Trainee: 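So that we are looking at the same thing, I have put the structure below in structure tokens.
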Amino acid sequence: MQKEFELPDVGVETDDEITVSFWHVEEGEEFDKEEDLLEISTDKANLKIGAPSAGKIIEILAQEGDAIAVGDVIALIETTND
């Protein structure tokens, strides 16, 4: 099933700017549950964001260097049964 992958609440302060640092997967690539999908950075920390379930990246919407916020749709993914 295809769905939107939103940046989860990662515990950063609301006034912190969040930037996409690096995607660990490419469009069309499959991933496992909890596998690192991307890295984000703020003024205070660098964080890795894991996959909520196993699946495949359909389209990356937030490119490296883009400023994003919690709840923003950053990719379209196709999930599989876990």
Side-chain angles (χ1 to χ4, degrees):
M1 172 171 81
Q2 185 172 324
K3 66 181 192 174
E4 296 177 336
F5 177 56
E6 299 175 353
L7 179 65
D9 184 355
V10 291
V12 298
E13 296 181 27
T14 56
D15 61 341
D16 285 347
E17 182 174 300
I18 304 169
T19 305
V20 176
S21 299
F22 180 78
W23 279 93
H24 290 270
V25 292
E26 297 179 3
E27 291 181 358
E29 191 173 340
E30 294 184 357
F31 53 84
D32 295 322
K33 183 176 183 175
E34 298 180 6
E35 181 178 338
D36 291 338
L37 294 182
L38 72 152
E39 292 182 34
I40 60 170
S41 62
T42 70
D43 292 341
K44 299 176 184 137
N46 295 324
L47 304 165
K48 293 180 180 179
I49 305 299
S53 62
K56 178 170 71 170
I57 293 284
I58 302 299
E59 183 178 1
I60 293 174
L61 303 174
Q63 302 301 316
E64 293 174 10
D66 286 354
I68 54 176
V70 170
D72 283 356
V73 177
I74 56 175
L76 300 177
I77 61 174
E78 184 175 298
T79 59
T80 59
N81 294 334
D82 293 321

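Here the structure is a predicted model, which is why all the values come from computation and not from measurement. Values below: every heavy atom of this structure, side chains too, minus hydrogens, waters and symmetry copies.
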Trainee: For the backbone of Ala54 and the side chain of Thr80, can you confirm whether one donor and one acceptor N or O come within less than 3.5 Å of each other?
Mentor: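 Between the backbone of Ala54 and the side chain of Thr80 there is a qualifying donor-acceptor contact (under 3.5 Å).
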Trainee: Only counting residues at least two apart or in another chain, list the ones meeting side-chain hydrogen bond (donor to acceptor under 3.5 Å, both in side chains) with Glu39.
Mentor: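 side-chain hydrogen bond (donor to acceptor under 3.5 Å, both in side chains) list for Glu39, sorted by chain: His24.
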Trainee: Measure from the side-chain N and O atoms of Asp36 to the backbone N and O of Leu38, and report whether any donor-acceptor pair falls under 3.5 Å.
Mentor: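 Looks like no, no N/O pair under 3.5 Å.
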Trainee: Please report the interatomic distance CD(Glu59) to CD(Glu78), rounded to the nearest 0.5 Å.
Mentor: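 Answer for the CD-CD pair, Glu59 versus Glu78, is 13.5 Å.
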Trainee: So, for Gly28 and Lys56, which heavy atoms are closest and what is the spacing to 0.1 Å?
Mentor: O-CD, 3.4 Å
Trainee: I need the Phe22 CZ to Ser41 OG distance, nearest 0.5 Å.
Mentor: 13.0 Å
Trainee: Starting at CD1 of Ile77, measure out to CD1 of Ile60 and round the result to the nearest 0.5 Å.
Mentor: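 One gets 11.5 Å once the value is rounded to the nearest 0.5 Å.
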Trainee: Please report the interatomic distance CG(Leu47) to OG1(Thr42), rounded to the nearest 0.5 Å.
Mentor: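 Those atoms lie 6.5 Å apart.
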Trainee: For residues Trp23 and Ile74, report the shortest heavy-atom separation together with the two atoms involved.
Mentor: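 For Trp23 and Ile74, the tightest heavy-atom pair comes out as CZ2-O, 3.7 Å.
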Trainee: Check Phe31 against Ala51 and note the closest heavy-atom contact, atom names and distance.
Mentor: CD1-CB, 3.4 Å
Trainee: Nearest 0.5 angstrom please: Ile40 CD1 to Leu7 CG, how far?
Mentor: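 One finds 5.0 Å between CD1 of Ile40 and CG of Leu7.
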Trainee: Is there a donor-acceptor pair under 3.5 Å between the side chain of Glu29 and the backbone N or O of Ile57?
Mentor: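 A pair under 3.5 Å: no.
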Trainee: For Ile58, which fellow cluster members are found when Ile, Leu, Val, Met, Phe, Trp and Tyr are connected by side-chain heavy-atom distances below 4.5 angstrom, either directly or through intermediates?
Mentor: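 Hydrophobic cluster check, Ile58: joined to Leu61, Val73, Leu76.
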Trainee: Could you tell me whether Glu4 atom CD has more than 12 heavy atoms of other residues or ligands within 6.0 Å of it?
Mentor: no
Trainee: Is the closest side-chain heavy-atom distance between Leu37 and Ile49 below 4.5 Å?
Mentor: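 Heavy-atom side-chain distance check fails, nothing below 4.5 Å.
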Trainee: So, taking the atom named CG in Asp43 and the one named CD1 in Ile18, what distance separates them when rounded to the nearest 0.5 Å?
Mentor: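 That separation rounds to 10.5 Å.
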Trainee: Within the supplied structure, the quantity of interest is the number of heavy atoms (other residues, nucleotides, ligands) at a distance under 6.0 Å from Gln63 CD; does it exceed 12?
Mentor: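 Result for CD/Gln63: enclosed.
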